Amino acid sequence: MTPEQLLQTYFGYPTFRPGQKEFITSVLKGHNSLAVMPTGGGKSICYQIPGLMKEGTALIISPLISLMKDQVDALKANGISSCYINSSLSPAEQQHVLQEMEQGLYKFVYVAPERFQSFEFIQTINRLTLNLIAFDEAHCISQWGHDFRPSYRSIMHNLKQLHTLPVLLALTATATREVVEDIQVLLDIQSESTVHTGFKRTNLSFHLIKGVDRKDFLKQLLVKHQHESGIIYCPNKKNN
């Protein structure tokens, strides 16, 4: 199936969002690639489509346990075999997942960066046919990133123990020029394999309103959006 057919079949989208097709094409050509896209810009599609098209298992490195679960639940709902390994699983559950991984039962495997400090895990993935390794929240790998995690940066050293290193992907919504350059050096990503669509989210807007009574404004807002969900920020509970 073509990328467009997979997009429609598994995810229900008729066309790709800006930057997605360009990034996917780079990955399918075997180039280590970096995507800098806004939150909600569809970064997960950028590794899920290549992972579905290529033989073997896609390994996704993510620092967020809740995000792993959401991604795995969504993939399973679409009929795509996937799992995660993190601290939310007991040692026995982790061992069970590792055994199923070796049996080739999963198309996508999500893991925490700390997992690469385990010799057993490295040995397990060494016996797999990996089609790609994706670094989600890739700004965490850079010492210039605001969420820098040393365990993330040490992954590349441990990946060198693999017999065969697959194509590497890096995806983030937060990257200054220094962070982009750092990721490119660490993962051997060329500038022509870097897709940067910016940070702007067209579905969000911000308005500053002055000279109104806060309580009256809040009442009107709640009435107007009474059947919707939302978040209201305030400096403290006492004065609001």
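In this text, all values refer to a predicted model and were calculated from it rather than measured experimentally. Position 1 is the first residue of the sequence; numbering continues from there.
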- request: Start with the C-alpha gap between L169 and F135, add the side-chain angles, then the distance that decides, and say whether side chain to side chain contact (heavy atoms under 4.5 Å, CB included) holds.
  value: CA-CA 6 Å; L169 288 63; F135 291 76; over 6 Å; no
query: Between T172 and H139, is a side-chain hydrogen bond (donor to acceptor under 3.5 Å, both in side chains) present by the stated rule, with each step listed?
result: CA-CA 6 Å; T172 180; H139 57 275; 2.7 Å; yes
message: For K76 and I80: C-alpha separation, side-chain torsions, deciding distance, then whether side chain to side chain contact (heavy atoms under 4.5 Å, CB included) applies.
response: CA-CA 5 Å; K76 287 182 175 179; I80 302 170; over 6 Å; no
Working for side chain to side chain contact (heavy atoms under 4.5 Å, CB included), residues T164 and L130: CA-CA 8 Å; T164 303; L130 295 177; over 6 Å; no
message: Determine whether Q95 and E120 satisfy the following criterion, side chain to side chain contact (heavy atoms under 4.5 Å, CB included), listing intermediate values before the conclusion.
response: CA-CA 10 Å; Q95 192 64 36; E120 181 184 11; 3.0 Å; yes
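No option in M101, R115, E102 other than M101 meets the side-chain contact (heavy atoms from CB on, under 4.5 Å) test with I125.
Hydrophobic clustering, with ILVMFWY side chains joined whenever heavy atoms are under 4.5 angstrom apart, groups Y84 together with L128. If you chain together hydrophobic residues whose side chains sit under 4.5 Å apart, L28 and I60 fall into the same group. Linking ILVMFWY side-chain heavy atoms closer than 4.5 Å, directly or via other members, places L89 and L98 in a single hydrophobic cluster. One hydrophobic cluster holds both M37 and F11 under the rule that ILVMFWY side chains link at heavy-atom gaps under 4.5 Å. Under the 4.5 Å side-chain contact rule for hydrophobic residues, I122 and L59 share a cluster.
Rounding to the nearest 0.5 Å places CZ of R127 at 12.0 Å from CG of L162. A distance of 11.0 Å separates CG of L52 from OH of Y47, quoted to the nearest 0.5 Å. In this structure, H31 NE2 and T25 OG1 are separated by 11.0 Å, a value rounded to the nearest 0.5 Å. We find the CG-CD distance between L105 and Q99 to be 11.0 Å, quoted to the nearest 0.5 Å. A distance of 9.5 Å separates CD in Q48 from CD1 in I24, rounded to the nearest 0.5 Å. Expressed to the nearest 0.5 Å, how far CG of D70 lies from CG of L67 amounts to 6.5 Å.
Scanning both residues, T197 and P38, for their nearest heavy atoms gives OG1-CD, 3.4 Å. The two residues M68 and I85 come nearest to each other via the heavy atoms SD-O, 4.5 Å. Contact record, P50 with V27: CB-CG1, 3.8 Å, taken as the closest heavy-atom pair. Scanning both residues, L171 and C46, for their nearest heavy atoms gives CD2-CB, 3.7 Å. Residue D136 comes nearest to P63 through the heavy atom pair O-CD, 3.8 Å, listed as atom of the first residue, atom of the second, then distance. Counting all heavy atoms, side chain and backbone alike, Q20 lies closest to G42 at NE2-O, 2.8 Å.
By the neighbour-count criterion of 12 heavy atoms within 6.0 Å, atom NE2 of H225 is densely surrounded, having more than that number from other residues, nucleotides or ligands.
For the pair L168 and D188, the minimum side-chain heavy-atom distance is 4.5 Å or more. Under the 4.5 Å side-chain criterion, counting only non-hydrogen atoms from C-beta, I45 is in contact with L7. No side-chain heavy atom of E93 sits less than 4.5 Å from a side-chain heavy atom of V97. The shortest side-chain heavy-atom distance between Y13 and Q8 does not fall under the 4.5 Å cut-off. In this structure, the side chains of I65 and S87 come closer than 4.5 Å at one or more pairs of heavy atoms. Looking at V180 and Q184, their side chains come closer than 4.5 Å, going by heavy atoms from C-beta outward. Looking only at side-chain heavy atoms (C-beta outward), F121 and V111 come within less than 4.5 Å of each other. Side chains of I133 and L159 form a contact here, defined as non-hydrogen atoms less than 4.5 Å apart.
Side-chain atoms of S193 do not come within 3.5 Å of backbone N or O of I189 as any donor-acceptor pair. Judged by distance alone, the side chain of E22 and the main-chain N or O of G19 form no donor-acceptor pair under 3.5 Å. Side-chain atoms of E137 do not come within 3.5 Å of backbone N or O of L64 as any donor-acceptor pair. Using a distance-only test at 3.5 Å, with no hydrogens or angles considered, a donor-acceptor pair links the side chain of N131 to the main chain of K54. Listed for the N78 side chain is a donor-acceptor partner under 3.5 Å among the backbone atoms of Y10. In terms of modelled atom types and a separation under 3.5 Å, the side chain of S81 and the main chain of K107 share a donor-acceptor contact. When atom types are taken as modelled, the side chain of N32 and the backbone of Q190 share no donor-acceptor pair closer than 3.5 angstrom. A distance-only check finds no donor-acceptor pair linking the side chain of N86 to the backbone of A112 [under 3.5 Å].
Y106 and E100 form a side-chain donor-acceptor contact under 3.5 Å, judged by distance and modelled atom types alone. Q161 and Q123 form no side-chain donor-acceptor contact under 3.5 Å, judged by distance and modelled atom types alone. Judged purely by distance below 3.5 Å, without hydrogens or angles, the side chains of S33 and S26 pair a donor atom with an acceptor atom.
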